[in-house]
There are 2 protein chains.
Amino acid sequence: MSGEDNLLRLVEAEDGDENNYHLQDQVGFILRKAHQRHVSLFASHIADLTPPQFAALAKLYDIGETSQNQLGTLIAMDAATVKGVIDRLKARGLVEVSKHEVDKRRLLVNLTPEGREAIERLIPLARTITEETLAPLTAKEAATFLRLLAKLA
Amino acid sequence: MSGEDNLLRLVEAEDGDENNYHLQDQVGFILRKAHQRHVSLFASHIADLTPPQFAALAKLYDIGETSQNQLGTLIAMDAATVKGVIDRLKARGLVEVSKHEVDKRRLLVNLTPEGREAIERLIPLARTITEETLAPLTAKEAATFLRLLAKLA
DNA sequence: TCAAAATCATTCGTATGCAAATGATATCAG
DNA sequence: CTGATATCATTTGCATACGAATGATTTTGA
């Protein structure tokens, strides 16, 4: 073994691999992949709606009519994003919009009967998607994971 | 208390809240929010590069020259997405592309000296971003979380 | 060998996602 | 009361993200 080899080993030992950056170990990268997997599972069960569109319908089903901005806050979308989502749901007749009588800035959004029928039909599928997303974990692991994930979100 | 009230309570008790779908408890929704938070933290530390762009540079720094398609596989991007990312990195002089001598289908991608300088400068910031992303968790919780998250990704 | 299948890259279309700028309206403070 | 500030919605621009279609090239298999 040469002196150079000894020096190299010493340096590596001192560094303890700290100089080696592995993308696949970074929480951001894994988070992105886990999210991708979930979206893919979602699409395999609910082909005609995206997760954000589903989120909008589910929240409207939960709380009833609300303003576009407030809906965005509740489903974690900024104003520009939620507008696009609502526009597409409106074009498909799943939601309807109206002006707020008092505050003329606000745009009220609500489910149409078709939208209500759709979300009622889809919620059971969404439960399946949640199950499949968590399928690699045991029940106990899934509970732990959800608790910790919620802390990060 | 009326008979109607009793009936309502009975129904609710039987349902055990199972008919009530809460978006904010679904793993997909929380995953999306956690990812959003990470991207936001990333942007606050590294303003001139997106997480996918950083991933491309970090992987090229790790493994050296590779084909665009292979790079996409390694950083979990489909062919259409990785093309856009590489195009933008190329336009900024951080990567350079060349044709594979033998297999004329392949487009080889590699860091430029500027790209290498950039990723070496940014990796310490990325470590900080990872720390801040996991900051709401204790060290033990973070280890558990990463282990379970990896199972889902 | 040579036609079929697979791989690599590109392009198009659609859908988030967010920053920044803008306009309309509402609220607040002096 | 009114000017400053805040809120709501829209628009623009840029950057992922992915399905589907296409073309070029390579590999496979009968």
Side-chain angles (χ1 to χ4, degrees), chain A residues 28-29 31-44 46-57 66-92 94 97-109 153, chain B residues 28-29 31-44 46-57 65-92 94 97-109:
Chain A
F29 183 70
L31 217 39
R32 175 168 150 271
K33 287 212 298 177
H35 181 246
Q36 281 178 353
R37 172 170 169 273
H38 168 75
V39 172
S40 174
L41 283 173
F42 188 99
S44 72
I46 300 180
D48 57 339
L49 224 53
T50 65
Q53 289 166 2
F54 175 86
L57 295 186
T66 186
S67 76
Q68 188 173 275
N69 233 32
Q70 174 65 9
L71 179 61
T73 299
L74 293 171
I75 60 181
M77 286 178 213
D78 71 8
T81 300
V82 77
K83 182 186 191 309
V85 173
I86 293 304
D87 279 353
R88 285 179 285 275
L89 292 175
K90 186 173 56 180
R92 292 173 53 180
L94 299 177
V97 302
S98 57
K99 290 179 184 171
H100 193 287
E101 287 299 319
V102 177
D103 188 340
K104 294 177 182 174
R105 295 169 305 178
R106 296 189 196 174
L107 189 67
L108 295 175
V109 186
Chain B
F29 183 70
L31 217 38
R32 175 169 151 270
K33 287 212 299 177
H35 181 247
Q36 281 177 353
R37 173 170 168 272
H38 168 75
V39 172
S40 174
L41 282 172
F42 188 99
S44 72
I46 300 180
D48 57 342
L49 225 53
T50 65
Q53 290 168 0
F54 175 86
L57 295 184
E65 184 176 66
T66 188
S67 76
Q68 189 173 276
N69 234 32
Q70 174 65 9
L71 179 61
T73 299
L74 294 171
I75 60 181
M77 286 178 212
D78 71 8
T81 301
V82 77
K83 184 186 190 308
V85 173
I86 294 304
D87 279 353
R88 283 179 285 275
L89 292 175
K90 186 173 56 179
R92 291 173 53 180
L94 299 177
V97 302
S98 57
K99 290 179 183 172
H100 192 288
E101 286 299 320
V102 178
D103 188 339
K104 294 177 183 174
R105 296 169 305 178
R106 296 189 197 173
L107 189 68
L108 295 175
V109 187

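Lettering follows sequence order; numbering is per chain, from 1. Worth knowing before you read on, the calculation uses all heavy atoms, side chains too, and leaves out hydrogens, waters and symmetry mates.
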task = Please examine the side chains of R105(B) and S67(B), heavy atoms only from C-beta on, and report whether any two atoms are closer than 4.5 Å.
result = no
message = What is the separation between atom CD1 on I86(A) and atom P on dT10(D), rounded to the nearest whole Å?
response = 10 Å
inquiry  = With a cut-off of less than 4.0 Å, is there a side-chain N or O of R105(A) near OP1 or OP2 of dT10(D)?
reply    = no
Proximity to DNA chain D (any heavy atom under 4.0 Å), residues of residues 31-44 of chain B only = none
request  = Check step by step if side chain to side chain contact (heavy atoms under 4.5 Å, CB included) holds for L49(A) and L89(A).
outcome  = CA-CA 9 Å; L49(A) 224 53; L89(A) 292 175; 4.3 Å; yes
inquiry  = Between C1' on dT7(D) and NE2 on H100(A), what's the gap in Å once rounded to a whole number?
reply    = 13 Å
message = Test: salt bridge (charged side-chain N to carboxylate O under 4.0 Å, His left out). Region: residues 71-86 of chain B. Which pairs qualify, not counting sequence neighbours?
response = K83(B)-D87(B)
request  = Over all heavy atoms of both residues, which pair between V82(A) and G72(A) is shortest? Give the atoms and the distance, please.
outcome  = CG2-CA, 3.9 Å
Spacing of R88(A) atom CZ relative to dT10(D) atom P, expressed in whole Å = 13 Å
query = So, for A34(A) and L31(B), which heavy atoms are closest and what is the spacing to 0.1 Å?
reply = O-CD2, 3.8 Å
note = Scanning both residues in full, the closest heavy-atom pair of V85(A) with P52(A) reads CG1-O, 4.1 Å
Integer-rounded Å distance: dG19(D) P and D48(A) CG = 16 Å
message = Going by side-chain contact (heavy atoms from CB on, under 4.5 Å), name the residues that satisfy it together with T66(A), two or more places apart in sequence or in a different chain.
response = L60(A), I63(A), Q70(A), L71(A)
ask   = Base, sugar-phosphate, or nothing: which does V97(A) touch, judged by heavy atoms less than 4.0 Å apart?
value = nothing
Qualifying side-chain hydrogen bond (donor to acceptor under 3.5 Å, both in side chains) pairs with a residue from residues 31-44 of chain B, counting only residues at least two apart or across chains = H38(B)-T133(B)
note = Hits for ring pair (Phe, Tyr, Trp, His ring centres under 6.0 Å) against F29(B), two or more places apart or cross-chain, chain-then-number order -> none
inquiry  = Considering every strand and a 4.0 Å limit on heavy-atom distances, what is the contact class for V82(B): base, sugar-phosphate, or nothing?
reply    = nothing
message = One pair to check against side chain to side chain contact (heavy atoms under 4.5 Å, CB included): L108(B) and V97(B). What are the steps and the verdict?
response = CA-CA 5 Å; L108(B) 295 175; V97(B) 302; over 6 Å; no
task = Give me the bend of the helix from dT1(C)-dA30(D) to dG30(C)-dC1(D), using the axes of the five pairs at each end, rounded to 10°.
result = 20°
key: All side chain to side chain donor-acceptor pair (under 3.5 Å) counterparts of R88(B), not counting sequence neighbours   = none
message = Reading DNA chain C from 5' onward, which residue's closest nucleotide shows up sooner: K104(A) or R106(B)?
response = R106(B)
task = Could you list by number each residue of residues 65-81 of chain B showing a heavy-atom separation from DNA chain C of less than 4.0 Å, or answer none if no residue does?
result = S67(B), Q68(B), N69(B), A79(B), A80(B)
task = Hey, which sits more toward the 5' end of DNA chain C by its nearest nucleotide, D103(B) or T50(A)?
result = D103(B)
query = Can you pull the contact range of chain A along DNA chain C, 5' to 3', using atoms under 4.0 angstrom from its heavy atoms?
reply = dA15(C) to dA26(C)
key: Audit row: H100(B), L107(B), side chain to side chain contact (heavy atoms under 4.5 Å, CB included) steps and yes/no   = CA-CA 6 Å; H100(B) 192 288; L107(B) 189 68; over 6 Å; no
note = Across all chains, not counting sequence neighbours, the side chain to side chain donor-acceptor pair (under 3.5 Å) partners of R92(B) are none
